[in-house]
Number of protein chains: 2
Amino acid sequence: MIDDRAAATPPEDLEILVHGERRGRKAQLRLWLRMLSITKLVGQEIRRRLRVEFDATLPQFDLLAQLDREPAGLRLGDLSRRAMVTNANVTGLAERLEADGLVERAPLDGDRRVVVARLTPLGRARFGAMAKAHEGWLRELMGDVDEATLDDALRLLGAVKASATRKLGPPDGRPDA
Amino acid sequence: MIDDRAAATPPEDLEILVHGERRGRKAQLRLWLRMLSITKLVGQEIRRRLRVEFDATLPQFDLLAQLDREPAGLRLGDLSRRAMVTNANVTGLAERLEADGLVERAPLDGDRRVVVARLTPLGRARFGAMAKAHEGWLRELMGDVDEATLDDALRLLGAVKASATRKLGPPDGRPDA
DNA sequence: ACATGGTATTTTAAGCTTAAAATAACGGGT
DNA sequence: ACCCGTTATTTTAAGCTTAAAATACCATGT
């Protein structure tokens with residue numbers, strides 16, 4: 001059990017931002033900074049391990065993950081939407097993954113504007129190994145947190161995500177349709 | 001109140017990754033993906049508004065925030081540690097902020113290796129305006145979430161952050177000292 | 001004085017990221 | 001057949017990010 005008083009280093013990171021102000025207010029800001037510092041902290045480690053163990057980057061892993069779920073492949077546009085990056089971004093990512101032999105690109109017949117990307121057998125195998133390791137790393141990094149806490153956090157952040165999604169106008173703004 | 005069944009668009013984003021597998025397992029992975037999708041979603045909007053309203057970037061805002069708390073300025077090394085980015089990164093960021101007149105850099109006398117950065121009066125004023133807007137944007141984006149939920153999420157994520165920090169070996173690894 | 005090991009910052013090379021502009025192709029109307 | 005608005009992708013320009021190498025300086029021992 002961790003004793004706060006023993007932490008000779010207070011959160012000397014991004015979260016320091018909130019500090020000076022009268023505490024108690026700014027719940028949104030504090031939560032935002034905490035999410036940012038966690039994603040930076042964990043993200044940096046995940047990136048490091050992906051690089052060392054698989055010579056890959058996190059965005060590349062994200063793209064492979066989306067393609068792994070769609071054996072028939074995905075249009076680059078759909079891929080960019082799912083990976084939450086711009087079309088322009090996907091172009092370069094897909095190029096490098098193709099150069100590495102993990103992904104194939106082909107025009108869609110019937111609409112020559114469209115490019116469909118799908119995993120090669122090598123890509124599928126490689127992603128499988130990466131996903132297994134990736135999941136283990138997360139279990140390791142969050143190892144001190146019991147599952148009930150993780151489930152609760154997931155649920156509460158669900159409300160945060162829903163709020164942000166709503167405020168940002170779900171790209172397609174139909175109430176229910 | 002949001003009804004899950006009404007969501008005609010299932011989470012067709014990063015979180016789709018977890019889906020295929022048997023649900024119930026992988027609490028760590030699910031929470032991780034949720035944090036990533038929220039930080040991407042909200043982060044993209046924050047970046048957009050910083051660009052449109054202040055012609056600034058989020059990393060620049062982060063740096064200004066750290067400097068605003070230290071009127072005497074900070075060494076670039078300390079700045080990079082607090083902003084959770086590499087030294088190399090801070091070099092360029094500080095250059096651009098200096099070019100914009102928001103930051104000054106000066107060698108530390110007594111140790112000519114060290115560069116200290118601090119806000120200019122313009123930088124201080126500009127950051128004040130940005131911070132005020134920034135806080136409002138977060139309140140807006142998380143507006144549908146009541147404060148108790150935010151506080152709970154903050155607390156639970158505190159456990160997650162503590163776990164990750166511990167596993168990553170707090171740069172200074174003394175047990176208690 | 002001088003070598004030597006360590007520290008602070010910058011440079012370099014590669015890749016990620018985005019907005020905005022450019023390119024290419026589709027499809028409906030005339 | 002041709003125009004024209006729309007859609008899918010790529011290119012471009014600017015900035016962010018990191019690891020690794022380079023530079024500059026400090027500090028200690030000899």
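Values below: every heavy atom of this structure, side chains too, minus hydrogens, waters and symmetry copies. What you see is a predicted model, and the numbers here were worked out from it, not measured in a lab.
Among the protein residues, B:V90 comes within range of no part of the nucleic acid, since none of its heavy atoms lies under 4.0 Å from any strand. Nucleic acid contact for A:L58: none, since no nucleic acid atom lies under 4.0 Å from a heavy atom of the residue. Within 4.0 Å of A:N87, counting heavy atoms only, lies at least one base atom of the nucleic acid.
Between A:G110 and A:T86, it is A:T86 whose nearest contact on DNA chain C lies nearer the 5' terminus. Between B:R105 and A:R96, the residue anchored closer to the 5' end of DNA chain C is B:R105, taking for each the nucleotide with the nearest heavy atom. Ranked by how close their nearest DNA chain D nucleotide is to the 5' end, A:V114 and A:R51 are led by A:V114. With DNA chain D read from its 5' end, the first of the two nearest nucleotides for B:Q60 and A:D111 is the one closest to A:D111.
One finds no side-chain N or O of A:T57 lying less than 4.0 angstrom from the OP1 or OP2 phosphate oxygen of C:dG15.
One can find a donor-acceptor pair under 3.5 Å joining the base of D:dT7 and the side-chain atoms of A:R113.
Residue A:E95 contributes atom CD, which lies 15 Å from atom P of C:dT17 at whole-angstrom precision. When rounded to the nearest whole Å, the span between CE of A:M84 and P of C:dT17 equals 12 Å. Between B:R47 atom CZ and C:dA20 atom P the separation is 16 Å, expressed in whole Å. One can place CZ of A:R112 at 10 Å from C1' of C:dC26, the figure rounded to the nearest angstrom. As a whole-Å value, the separation of B:Q44 CD from D:dC16 P is 16 Å. To the nearest angstrom, C1' of C:dG15 lies 14 Å from CG of A:L50. The interatomic distance linking B:N89 (CG) with C:dT17 (C1') rounds to 13 Å, in whole Å. Atom CZ in B:R75 sits about 13 Å away from atom C1' in D:dC25, given to the nearest Å.
Taking a cutoff of 4.0 Å between a charged side-chain nitrogen and a carboxylate oxygen, B:E140 and A:K167 do not qualify as a salt bridge. At a threshold of 4.0 Å, the pair A:E15-A:R30 does not count as salt-bridged, since none of the basic side-chain nitrogens sits closer than that to a carboxylate oxygen. The existence of a salt bridge linking A:R82 and A:E70 is confirmed by a sub-4.0 Å separation between a basic side-chain nitrogen and an acidic carboxylate oxygen.
Of all heavy-atom pairs between B:L156 and A:A153, the closest is CD1-N, 3.6 Å.
Relative to the side chain of A:L93, the nucleotides D:dT9, C:dT9, C:dC16 differ in distance, and C:dC16 lies closest. The side chain of B:A88 has C:dT11 as its nearest neighbour among D:dT12, C:dT11, C:dG15.
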From CA spacing to verdict: ring pair (Phe, Tyr, Trp, His ring centres under 6.0 Å), B:F54, B:F61: CA-CA 10 Å; B:F54 297 99; B:F61 175 71; 8.5 Å; no

